[in-house]
Every structure is written in C-alpha cells, then in structure tokens.
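So the structure is just underneath, and the comments pick up after that.
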Number of protein chains: 2
Amino acid sequence: MTRAEENYLKAMYQLSAGKNQRVSTTALAERLETKPSSATDMLQKLHDKSMVKYTRYKGAQLSPEGRHIASQIVRKHRLWEVFLVEKLAFGWDQVHDIAEQLEHIKSPDLVERLDVFLGCPKVDPHGDPIPDDKGNIEQINKILLCEQEPNSRCVLMGIKDTDDAFLKYLSQKNIKLGSLITVLDKEPFDESMTVVIDQKTHFISKIISTNIYVQPR
Amino acid sequence: MTRAEENYLKAMYQLSAGKNQRVSTTALAERLETKPSSATDMLQKLHDKSMVKYTRYKGAQLSPEGRHIASQIVRKHRLWEVFLVEKLAFGWDQVHDIAEQLEHIKSPDLVERLDVFLGCPKVDPHGDPIPDDKGNIEQINKILLCEQEPNSRCVLMGIKDTDDAFLKYLSQKNIKLGSLITVLDKEPFDESMTVVIDQKTHFISKIISTNIYVQPR
DNA sequence: ATAATTTTTTAGACAAGACTAAAATTATAG
DNA sequence: CTATAATTTTAGTCTTGTCTAAAAAATTAT
C-alpha cells in the first residue's frame, strides 16, 4: 500500500461513515483536495487490487480488506494523537497534521506497543473512537449537547467538527473531554444555552452546542 | 525537501563522517542501494537547490545548509530510536527500520517536545551521538575494546557495526550500553579476550572487540 | 421524452525518481 | 605514454500520482 492508496482508503472509510455505503468519485476527490479524474484513476487501481468494488459511473465501496486497512490507518492516526496530547503535551488543535504523517508508519509491532504504552485508550483527544486491531469500534452512547434539557447534567464525550478555530475556542475556555456540564437554561428563541463547566458559567450559542457530544448523567 | 532528497543528504552526511569530505557518486549509490545514474540525477538536483556543491566527475560535498538538514534527519532518527527502546521496550536490533520512517516526519515542534520527553538524551541506544538542533555533536572520548589492556576496567559506550546479527549476539548475552567491563586477559596469538560483564565471564574474539567502544575507568 | 446540466471517465501530458544502455571522462597498467 | 579498465554522465524509458481538456453517461428540468 502506497501512501496515496492509504489516503484514498481512509477517505472512503470516513465518508461512508459506519455504514460502508458507496462513495462518489467527486465526494472522494473533494475530501482529498484533488480532481475527480485523479480519483477515478485511483479507484480503478484499487479495484484491480480488490481493495474496493468500483463500478463505472456509480462510485466505489470498500471491500472487507480495504475496509480493514482503512480502519488500521484511522487506528494509527488516533493512537498517535493520544500520544501527542498525553505524552508530548500538544494541544487539541496542533496534532492533526502530525498524526496525518505518523499514520503511515508501517510496523504492526509498533502500533501494538504504542497502544499498550498509552494504556489502550478507547477514544482520541477529540473523543473519536479508536478502532481495535480487527477494525471494531466500541460504540459510545452519546447525544449532542443541544438536545440536552435544562436543569440536567452531562459529561463532554467528544466534538463533532474538529475545525481548528473551534478547538482553539474550547481549549481557551478550558473545556475538555470529561468536563462535567450542567445545563442551567436554554433560550427558546435562538436555542443558546447557559451552562456551568468547572464552576464557570458559559453562554453557548446553538452552533457550539450542536458540535459537542455529551453523555447524560 | 522530499523523502528521497532527505535520504541522499543523510547518506552523504554519514559517508563523509565528521569531516565533510567529498562523496563519490558510486559510494552514494551503493549506500542507498540504487544505481550511480540515479545518484547523478539527484546530485544535480541538490546542486540546483544549493544543498550540495557538485562537480561533474568529481563527486559532491554538502553545503552548510545541506549539512544542517542532514544533521536534523540524523537527530530525529536517533531520538526516535531512544523512544522506541526506552518507552516502547523494543530491542536494539528492531528499531532501525522504524526510525528510518519516523525520521521523515516534519514538525520542528515535535522534535523538540520529543527531545524533552526523553530527557534530552545525548546518545541513541547504540551509543551514537545525537546532534543538537544546531547540528552540533557532543564528542565522547571512547576507544575500541580491543585497545584496552588486561586487568583494567571500562564502560561500554557504543557499538561500531550496528549489524543485525551482532546486535542480537550482544542483547542475547545481556551486554548493553553502560555495562561495566573488566578485561581479565588478552590472548597475544589471536587477540581474543576474557572479560567479565555483570558477574559473567565471556570469551570475546577480536572481531567482537573491534566493534565495541568503551571508556576506560 | 427530449433537452440541458451535472457527474464521471478517457486521453494525453507532466514531474519525481528510478532504471538500462551507451557515451564520456578519469584512473590504472604495462 | 598509450591502452585498457573503472567510474561517471547522458539519453531515453518506466511507474506513480497528478493535471487539463474533451467525451460519455447519468440526472434534472421543461
């Protein structure tokens, strides 16, 4: 597997979230910031290697093998993110580009040792689940903060949009994974919220609350 | 800098050990397990980028900039080796190939944090010095074990030939960096030695003793 | 149902980095 | 000091992964 091939498989894995549906050439090209014609070329190549099932003009779907490889790239990416944040004290918003490189390091032994070294974490620093070596994901029961009722408590389990500015916003306010959130009030008009996190009161707009996953308490 | 370019610079750095002498096309090609014609192509390219001074039919020499970049690749390689051995409990003989990949990860911040995380080590697991971020190397005063006189003590500081079989030989006998060596006897005929390491007596042939660096005590 | 639009594919080109075969230069030996 | 050998370079080809422009298929709208 070349680096480019791995990137295509990973992009397909993430686009066809959970389900493993078909992915269109254009969607794939967009995700990888490349042209549809390039995506077509690669899909044909991956089909020949039986990593995907590709049908002309119909897009492609990961084969079991392709899916497994993709899951292991994601596994590596997220394990390295944990390493960077937990061990090297990087911030949430600084780790993505580096993990993007580290995910291509080839050594099955390394991945397993890293996993153990980190204490076999189940989620990455953004709360996204880490697939195990078979590609299985431990599903965590979580809802969006905006669906949470006033006068209730919940724990921050993850964030949806890992946009840079958003991550900086959160880390600046010291809002992090595992934070206990108490919803005081929800404004019916704009659906903004008043919440308490670590003794501090925050006013949170709808756009923020729809990008935070929580687990009710 | 592409990965190939980095590999060429690093190979030149290591071939022109310390000195920064000129390196021949063939020597470079051999080191990189490629053909001389490929090396020529690359040297011309690196010359255009002013990373080396290349003269047709005369070989090439690293420019200050090329030399600095090469030193940082070596720095990364050796820091990652320390990480793999110290933190992930890999053996001496298992880390080279993985470090070969990790050395190309691009992020100045990562290198500095890794360095701190590892306690700013000065040597890698084979006793080779780790250049600092300016490319400077702390020279350690060491001699070959074969030059050590009978009835003397010394400390194992490094190994010369990091050949796989040799590393396995050493780790199997539990001979490692920092081991205290007492030379009991040196046979004049074949220059083999009788030494004590960690309460155990070993019979060491000339070829072994010329590949071990020690510091007299 | 046919025309217009969008999506997807093909064809041809390019850059990086490698290779082979042949030519040019330098080194070595008689 | 030539003749031969070894080294190095050039020229041309190949693969990977990308691109543009044009053709083909699928979708949408009238």
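A note on names: the letters A, B, ... follow the listed sequences, proteins ahead of strands, and every chain is numbered from 1.
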Under 4.0 Å between a side-chain N or O of [X] and OP1 or OP2 of [N]?
X: B:Tyr54; N: D:dT9; value: yes
X: A:Ser24; N: C:dT7; value: no
X: B:Thr40; N: D:dT9; value: yes
X: B:Ser37; N: D:dT10; value: no
X: B:Thr34; N: C:dC19; value: yes
X: B:Tyr57; N: C:dA23; value: no
X: B:Arg56; N: C:dT26; value: no

> Taking for each residue the nucleotide of DNA chain D bearing the nearest heavy atom, is the 5' side occupied by B:Gln44 or by A:Arg3?
Replying inline: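 Mapping each residue to its closest nucleotide by heavy atoms, the 5'-most match is B:Gln44.
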
From the set [options], return the single nucleotide nearest to any side-chain atom of [X].
X: B:Met42; options: D:dT9, D:dC19, C:dA18; value: C:dA18
X: B:Pro36; options: C:dC19, C:dA27, D:dT9; value: D:dT9
X: A:Asp41; options: D:dT9, D:dC19, C:dT9; value: D:dC19

>> Aromatic contact between B:Tyr8 and B:Tyr13, with the criterion being ring centroids under 6.0 Å apart: yes or no?
In response: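 Here the rings of B:Tyr13 and B:Tyr8 have centres that are no less than 6.0 Å from each other.
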
Length of the line joining [X]:[atom1] and [N]:[atom2], which is rounded to integer Å:
X: B:Arg22; N: D:dT7; atom1: CZ; atom2: C1'; result: 14 Å
X: A:Glu5; N: D:dT15; atom1: CD; atom2: C1'; result: 12 Å
X: A:Lys35; N: D:dT16; atom1: NZ; atom2: C1'; result: 19 Å
X: A:Leu43; N: D:dT18; atom1: CG; atom2: P; result: 12 Å
X: A:Asp48; N: D:dT15; atom1: CG; atom2: C1'; result: 15 Å
X: B:Lys58; N: C:dA27; atom1: NZ; atom2: C1'; result: 10 Å
X: B:Glu6; N: C:dA16; atom1: CD; atom2: C1'; result: 15 Å

>> Please verify the inter-ring angle class for A:Trp80 with A:Phe83; under 30° counts as parallel, over 60° as perpendicular, anything in between as tilted.
In response: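 Perpendicular, since the angle between the ring planes exceeds 60°.
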
> A:Thr25 near the nucleic acid: base, sugar-phosphate alone, or nothing, with a heavy-atom cut-off under 4.0 Å?
Replying inline: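 The residue A:Thr25 makes sugar-phosphate contact but no base contact.
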
> Heavy atoms, side chains only, cut-off 4.5 Å: are B:Asp115 and B:Arg75 in contact?
Replying inline: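 The answer is yes; the side chains approach within 4.5 Å.
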
> With a 4.5 Å heavy-atom cut-off, do A:Glu30 and A:Lys35 have their side chains touching?
Replying inline: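 A side-chain contact under 4.5 Å is absent here.
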
> Think A:Lys87 forms a cation-pi with A:Phe117, using NZ or CZ under 6.0 Å from the six-ring centre and within 45 degrees of its axis?
Replying inline: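 Judged by the rule, A:Lys87 and A:Phe117 form a cation-pi pair.
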
> In the strands shown, is D:dA29 matched to any nucleotide by a Watson-Crick or G-U wobble pair with both distances under 3.5 Å, and which?
Replying inline: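 For D:dA29, the partner nucleotide comes out as C:dT2, under the 3.5 Å rule.
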
